[in-house]
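When reading the values below, keep in mind they use all heavy atoms of this one structure, side chains included, and skip hydrogens, waters and symmetry mates.
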Amino acid sequence: MAEPTRENAEESAIDKYYARLDGQQAIEALDVTDKDVKFLISTPAATVVGQGQGDLAEYINNRNAHGLQRTHHVLRRSRDNDLEFLLGEVREGGRPLGSFLAVVRETGDGTFDRYICHFQTELTDTATDLRQKS
């Protein structure tokens, strides 16, 4: 589950998205996306580009996460107006699987309409190492 690192900050749209994505009904993550969301998700297996909740639903339903206890942990973040930049770690069963870099553009209604995420598994401890040096 996403771990907000901002003191006294309201949970952002991406925090809500990851919490739902990591939950029992991953498809509920669409609740915090704009109906016309545009996204690019790059993983070691493929790069997926899409537009609209239908395309994102297809990605969510086809990703290989069922039963793997996969969770997203935001370790660092920065904000510039409506853009949020994230460094995080994906864990399976509590163990680091890989690191991700993401940027999200939030809308004024608590959702987001742009999402770019690069996930890699080669340096599984990179995000954790950076967190420890902060």
Side-chain angles (χ1 to χ4, degrees):
M1 199 169 326
E3 298 172 343
T5 56
R6 299 171 291 174
E7 290 185 31
N8 301 319
E10 185 177 313
E11 189 176 44
S12 70
I14 195 65
D15 293 323
K16 293 173 188 174
Y17 175 83
Y18 287 146
R20 288 169 173 81
L21 189 65
D22 296 344
Q24 294 296 316
Q25 299 294 323
I27 201 68
E28 291 177 357
L30 295 176
D31 294 347
V32 292
T33 66
D34 184 84
K35 66 180 179 67
D36 296 318
V37 63
K38 290 183 181 179
F39 64 94
L40 181 148
I41 301 169
S42 175
T43 71
T47 296
V48 179
V49 178
Q51 180 173 351
Q53 288 180 330
D55 286 353
L56 189 54
E58 183 177 344
Y59 169 77
I60 290 170
N61 286 327
N62 291 321
R63 63 190 196 111
N64 184 21
H66 184 70
L68 296 178
Q69 299 176 345
R70 188 172 294 162
T71 55
H72 295 75
H73 300 266
V74 176
L75 303 175
R76 297 251 184 121
R77 67 177 76 220
S78 182
R79 179 174 288 280
D80 181 12
N81 295 312
D82 59 349
L83 295 179
E84 188 164 17
F85 303 87
L86 309 160
L87 168 67
E89 184 174 78
V90 173
R91 300 177 191 157
E92 281 186 2
R95 299 180 58 103
L97 175 64
S99 301
F100 66 89
L101 293 169
V103 63
V104 175
R105 185 174 75 182
E106 290 190 357
T107 61
D109 64 0
T111 65
F112 61 86
D113 65 357
R114 300 293 184 275
Y115 177 52
I116 300 170
C117 184
H118 174 75
F119 170 71
Q120 62 79 34
T121 57
E122 294 300 315
L123 302 169
T124 58
D125 59 351
T126 300
T128 303
D129 285 349
L130 290 170
R131 182 179 192 189
Q132 292 171 351
K133 295 180 186 205
S134 62

To the nearest 0.5 angstrom, please state how far the CZ atom of Phe85 sits from the CG atom of Asp80. 6.0 Å
Enumerate the residue pairs fulfilling salt bridge (Lys or Arg N to Asp or Glu O under 4.0 Å) with a member in residues 110-121, sequence neighbours excluded, ordered by first and then second residue. Arg105-Asp113
Looking only at heavy atoms, what is the nearest atom pair of Leu21 and Ala26, with distance? O-CB, 3.4 Å
Atom CG in Leu40, atom SG in Cys117: separation rounded to 0.5 Å? 9.0 Å
Given the rule that I, L, V, M, F, W and Y join up when any side-chain heavy atoms are under 4.5 Å apart, are Leu83 and Ile41 in one cluster? no
Residues Ser42 and His118: closest non-hydrogen pair is OG-ND1, 3.4 Å
Which pairs with one or both residues in residues 32-52 pass salt bridge (Lys or Arg N to Asp or Glu O under 4.0 Å), sequence neighbours excluded? none
Working to the nearest 0.5 Å, report the span between CG of Leu86 and OH of Tyr18. 5.5 Å
Please check if the number of heavy atoms outside Glu58 that lie under 6.0 Å from its CD is greater than 12. no
Compare every heavy atom of Ser12 with every heavy atom of Arg79, then report the nearest pair and how far apart it is. NH2-CB, 3.9 Å
Residue list, side chain to side chain donor-acceptor pair (under 3.5 Å) with Thr107, at least two apart or on another chain: Asp109, Thr111
Which atom names give the shortest non-hydrogen contact between Glu122 and Gln120, and what distance separates them? N-OE1, 2.7 Å
Full working for side-chain contact (heavy atoms from CB on, under 4.5 Å) between Arg77 and Asp15: CA-CA 11 Å; Arg77 67 177 76 220; Asp15 293 323; 2.9 Å; yes
Please enumerate all residues that pass side-chain contact (heavy atoms from CB on, under 4.5 Å) together with Val90, with sequence neighbours excluded. Arg70, His72, Leu97, Phe100, Phe119
Indicate if Val103 and Ile14 have the same hydrophobic cluster label, given that clusters are the connected sets of ILVMFWY residues with side-chain heavy-atom separations under 4.5 angstrom. no
Mind listing the closest non-hydrogen atom pair of Arg20 and Glu28 along with its distance? CD-O, 3.1 Å
For Ala13, what residues pass the side-chain contact (heavy atoms from CB on, under 4.5 Å) criterion, not counting sequence neighbours? Glu106, Phe112
Kindly write out the residues that satisfy side-chain contact (heavy atoms from CB on, under 4.5 Å) with Ile27, not counting sequence neighbours, or none if the list is empty. Leu30, Ala57, Ile60, Asn61
Tell me if a side-chain donor or acceptor on Gln53 pairs with a main-chain N or O of Thr33 at a distance below 3.5 Å. yes
Testing Asp22, Leu56, Val104 for side chain to side chain contact (heavy atoms under 4.5 Å, CB included) with Tyr17, which one passes? Leu56
